[in-house]
J.: 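Pasting a structure here, questions to come.
Values below: every heavy atom of this structure, side chains too, minus hydrogens, waters and symmetry copies. Residue numbers start at 1 and run along the sequence shown.
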Amino acid sequence: MMLVTSGAVAFGKQRLRHEILLSQSVRQALHSGQNQLKEMAIPVLEARACAAAGQSGLMALYEAMFTQYSICAAQILVTNLDFHDEQKRRNLNGTLHELLRMNIVPIVNTNDAVVPPAEPNSDLQGVNVISVKDNDSLAARLAVEMKTDLLIVLSDVEGLFDSPPGSDDAKLIDIFYPGDQQSVTFGTKSRVGMGGMEAKVKAALWALQGGTSVVIANGTHPKVSGHVITDIVEGKKVGTFFSEVKPAGPTVEQQGEMARSGGRMLATLEPEQRAEIIYHLADLLTDQRDEILLANKKDMEEAEGRLAAPLLKRLSLSTSKLNSLAIGLRQIAASSQDSVGRVLRRTRIAKNLELEQVTVPIGVLLVIFESRPDCLPQVAALAIASGNGLLLKGGKEATHSNRILHLLAQEALSIHGVKEAIQLVNTREEVEDLCRLDKMIDLIIPRGSSQLVRDIQKAAKGIPVMGHSEGICHMYVDSEASVDKITRLVRDSKCEYPAACNALETLLIHRDLLRTPLFDQIIDMLRVEQVKIHAGPKFASYLTFSPSEVKSLRTEYGDLELCIEVVDSVQEAIDHIHKYGSSHTDVIVTENEETAEFFLQHVDSACVFWNASTRFSDGYRFGLGAEVGISTSRIHARGPVGLEGLLTTKWLLRGQDHVVSDFSEHGSLKYLHENLPVPQRNTN
């Protein structure tokens, strides 16, 4: 690493100002008394003198900081003339290489004590010459001379914007290509130093042309920008990256804009038109079945040996899955007729002043999903029905399946001219980078592993995340449970689809049932189904030879594994669920209605069932048609999130020249606040 730094002039100016003030105050105190000290004027300080006085202070600061890490630093002062003299260039090159070979950090600065006036920009057009007139041009020159891999130009803004930062429509440019200068409006030069963003861009383009990669980023606020240098070196999306190769398709930012405008057009369609799009997509899933299954077969073949068995099962598509998807989509289409624009509340505020609360789309949804290509048409249909724009980011293991399903979704959207409302992100965009697009995305919905959800919740900056990080579902078998029901319920909850987030993970058994025929039936059934049993601490204490004791009572296995624990009462079962559960889905099996109602009312989870499998926690089974996921959060939507969960509201006020002052103490009008009838919803 080499450092090109400024600061000598600033250090020197501070030191010289102090010296001048000190000498002036001493002189004036001796000759004319203290009363004239306030009128002292600081003379204009010459920059070269400041540089001469400040070089030692600048290096002392760097030495002190690098010494803490046992790193040696060396100072090199250069001028523009040094690059025009071939012998000096060779000497400089040799010195830098020797320092780097010894792991010494060269700190390079223009020798501002003797530097001549800056040369014009005319030579920026050539590859071989660039005037060294500020740190940006010096860094570019050194980067090319030394054939560096990367030039990082740190600024006091996040990167290059298409107009001056702080202006209303300023947008950060993630990737800048040669020839894009005409699309950028540059502001004034920097408050300090010689350059400004325009100088940085010219220097960056010159370095890029010379074979060095360039990033311009913010280096002034570590708490905001984080470890900016290491983030850039690790390939994270930070600042503005300069590239000579334009991607074939749109950037993710452009896709976000298309989803936004397409979603707004989608929301203005008639309900029957949105339903027609979904019906058409359902037909395409069955009509194009062979093409979909062929694409899925490619994904399965490529994933074989790389993915665990539960993930492979999620990746797989079949004729029956496609038929079920089509049925679910038709349910969504039928139930979506009056979803957007439905009046929830009407109030007469005053005479001829009426207020309505109506449903509207949330905006642009970002749905990130792993392994499950069947998620794409489900989410697409729900977005269409709710009038939301949609950005989809699928896992690379389902690339072929996702591509054809997205094309079918866009084909369906095309019948009413809103093809761009749903976008599939195909670039190698990191999930963390997508979560930073807070000006384009209104809601993030992760569909995948608990680790994926946690990573997204951590990365999302200012964007709400709907979902659950874990699906630790419990079933409590009460002392009054039915022998006939219990084995069916446990088998279905655990064995029907163990990879699902609504599969049973912990079975709580009332202590009175131990060593009874009912308990033996449960264990025998689990053995037949080849379920590996983990014993909770209390259950293990009752057994002479117990299964492996559970490492944690808060585990989502996602496979044919199950934790069994013993409790003494329904209250202890509830306490256990609240301590170790994930507020997803929890079940009681009992014939005692009073005990069941106590459990239903006191368990604080998104879904609480009585004598029913945990697997019913699903949008399709709830009659929602499909779901975008299951939410365990406590605001907006909870449980399986279908169409209703993708809507928010807005308020419409219709008046006739009404002003608030008319309702003051001495005004002519009074508030009525009368509830008005709401139009009946079509539930057919």
Side-chain angles (χ1 to χ4, degrees), residues 259 263 266-267 274 278 328-329 331-332 335-345 357-369 372 375-392 422 435 438 441-448 450 452-454 456-457 460 462-473 500-502 581-586 600 603-609 614-651 681 683:
L266 185 62
R274 288 193 294 270
I278 301 169
L329 263 58
Q331 281 185 353
I332 294 171
S335 64
S336 68
Q337 296 292 330
D338 62 346
S339 55
V340 180
R342 187 172 79 254
V343 179
L344 301 178
R345 181 185 306 178
Q357 185 184 22
V358 300
T359 57
V360 293
I362 288 174
V364 175
L365 314 175
L366 168 62
V367 179
I368 302 168
F369 54 101
R372 295 182 55 177
C375 172
L376 194 153
Q378 285 182 341
V379 173
L382 288 168
I384 294 164
S386 56
N388 285 292
L390 181 61
L391 273 177
L392 293 158
I422 296 179
C435 292
D438 57 321
I441 295 164
D442 299 295
L443 179 67
I444 301 174
I445 304 172
R447 297 286 303 271
S450 56
L452 172 76
V453 179
R454 281 194 295 269
I456 290 171
Q457 288 171 335
I463 310 175
V465 178
M466 181 189 288
H468 64 280
S469 58
E470 293 170 305
I472 304 173
C473 302
C501 66
N502 57 11
S582 61
S583 302
H584 191 296
T585 301
D586 298 294
L600 294 174
V603 171
D604 186 16
S605 295
C607 300
V608 189
F609 302 160
T614 59
R615 297 280 289 120
F616 278 105
S617 182
D618 174 83
Y620 173 71
R621 295 175 185 124
F622 275 17
L624 306 179
E627 64 184 31
V628 290
I630 294 179
S631 172
T632 55
S633 66
R634 299 177 188 278
I635 56 171
H636 184 66
R638 201 173 184 206
V641 180
L643 183 56
E644 300 286 333
L646 300 182
L647 297 170
T648 184
T649 64
K650 71 177 179 182
W651 298 89
R681 185 179 182 187
T683 57

J.: Look up atom OH in Tyr620 and atom CD in Gln378, then write down how far apart they are to the nearest 0.5 Å.
T.: 10.5 Å
J.: Are Val364 and Asn388 packed together at the side-chain level, in the sense that at least one heavy-atom pair is separated by less than 4.5 angstrom?
T.: no
J.: Working to the nearest 0.5 angstrom, can you tell me the gap between Phe369 CZ and Ile445 CD1?
T.: 12.0 Å
J.: Supply the atom-to-atom distance Ile463 CD1 to Asp442 CG, rounded to the nearest 0.5 angstrom.
T.: 8.5 Å
J.: Indicate yes or no: at least one non-hydrogen side-chain atom of Cys435 is less than 4.5 angstrom from one of Ile444.
T.: yes
J.: Do the non-hydrogen side-chain atoms of His584 and Ser617 ever get within less than 4.5 Å of each other?
T.: yes
J.: Of the non-hydrogen atoms in Val340 and Pro361, which two are nearest, and what is the gap between them?
T.: CG1-CD, 4.0 Å
J.: Start with the C-alpha distance between Thr632 and Glu470, add both sets of side-chain angles, then the distance that settles side chain to side chain contact (heavy atoms under 4.5 Å, CB included), and finish with yes or no.
T.: CA-CA 9 Å; Thr632 55; Glu470 293 170 305; over 6 Å; no
J.: Which atoms form the tightest heavy-atom contact between Ser633 and Ala637, and what is the distance?
T.: OG-O, 3.6 Å
J.: Please walk me through it: do Asp604 and Arg638 pass salt bridge (Lys or Arg N to Asp or Glu O under 4.0 Å)?
T.: CA-CA 11 Å; Asp604 186 16; Arg638 201 173 184 206; 3.3 Å; yes
J.: With side chain to side chain contact (heavy atoms under 4.5 Å, CB included) as the criterion, how do Leu391 and Val367 come out once you've worked through the C-alpha distance, each side chain's angles and the decisive distance to 0.1 Å?
T.: CA-CA 6 Å; Leu391 273 177; Val367 179; over 6 Å; no
J.: Do Arg345 and Trp651 have side chains that get closer than 4.5 Å, going by heavy atoms?
T.: yes
J.: With sequence neighbours left out, write down each residue that passes side chain to side chain donor-acceptor pair (under 3.5 Å) with Ser605, or none if nothing qualifies.
T.: Asp586
J.: Specify the closest pair of heavy atoms between Ile278 and Ala381, including all atoms of both residues, with the distance to one decimal.
T.: CD1-O, 3.5 Å
J.: Hey, are the side chains of Arg342 and Glu644 touching, using non-hydrogen atoms and a 4.5 Å cut-off?
T.: yes
J.: Quick check: closest heavy atoms across Cys501 and Ile630, and the distance to 0.1 Å?
T.: SG-CD1, 4.1 Å
J.: Between Ile422 and Ile384, does a side chain to side chain contact (heavy atoms under 4.5 Å, CB included) hold up when you go through it step by step?
T.: CA-CA 9 Å; Ile422 296 179; Ile384 294 164; 4.0 Å; yes
J.: Quick check for you: to the nearest 0.5 Å, what is the distance between Ile368 atom CD1 and Arg447 atom CZ?
T.: 12.5 Å
J.: Is the backbone of Ala385 close enough, under 3.5 Å, to the side chain of Ser339 for a donor and an acceptor to pair up by distance?
T.: yes
J.: Please give me the minimum heavy-atom distance between Cys473 and Thr614, naming the atom from each residue.
T.: CB-CG2, 4.3 Å
J.: Could you tell me if the side chain of Asp618 sits less than 4.5 Å from the side chain of Asn502, heavy atoms only?
T.: yes
J.: Before you tell me yes or no, could you show the steps for Thr359 and Leu344 under side chain to side chain contact (heavy atoms under 4.5 Å, CB included), namely the whole-Å CA-CA distance, both residues' side-chain angles and the distance that decides it to 0.1 Å?
T.: CA-CA 7 Å; Thr359 57; Leu344 301 178; 3.9 Å; yes
J.: For the atom pair NZ (Lys650) and OG1 (Thr648), what is the distance rounded to the nearest 0.5 Å?
T.: 11.0 Å
J.: Would you indicate whether Arg621, at its atom CZ, is surrounded by more than 12 heavy atoms from other residues, nucleotides or ligands within a distance under 6.0 Å?
T.: yes
J.: Should Leu643 and Leu624 count as side-chain neighbours, where that means a heavy-atom distance under 4.5 Å?
T.: no
J.: Between Pro464 and Leu443, what is the shortest heavy-atom contact and its length?
T.: O-CD1, 3.5 Å
J.: Any non-hydrogen side-chain atom of Leu365 less than 4.5 Å from a side-chain atom of Leu646?
T.: yes
J.: Between the main-chain N or O of Val358 and the side-chain N or O of Thr649, is there a donor-acceptor pair closer than 3.5 Å?
T.: no
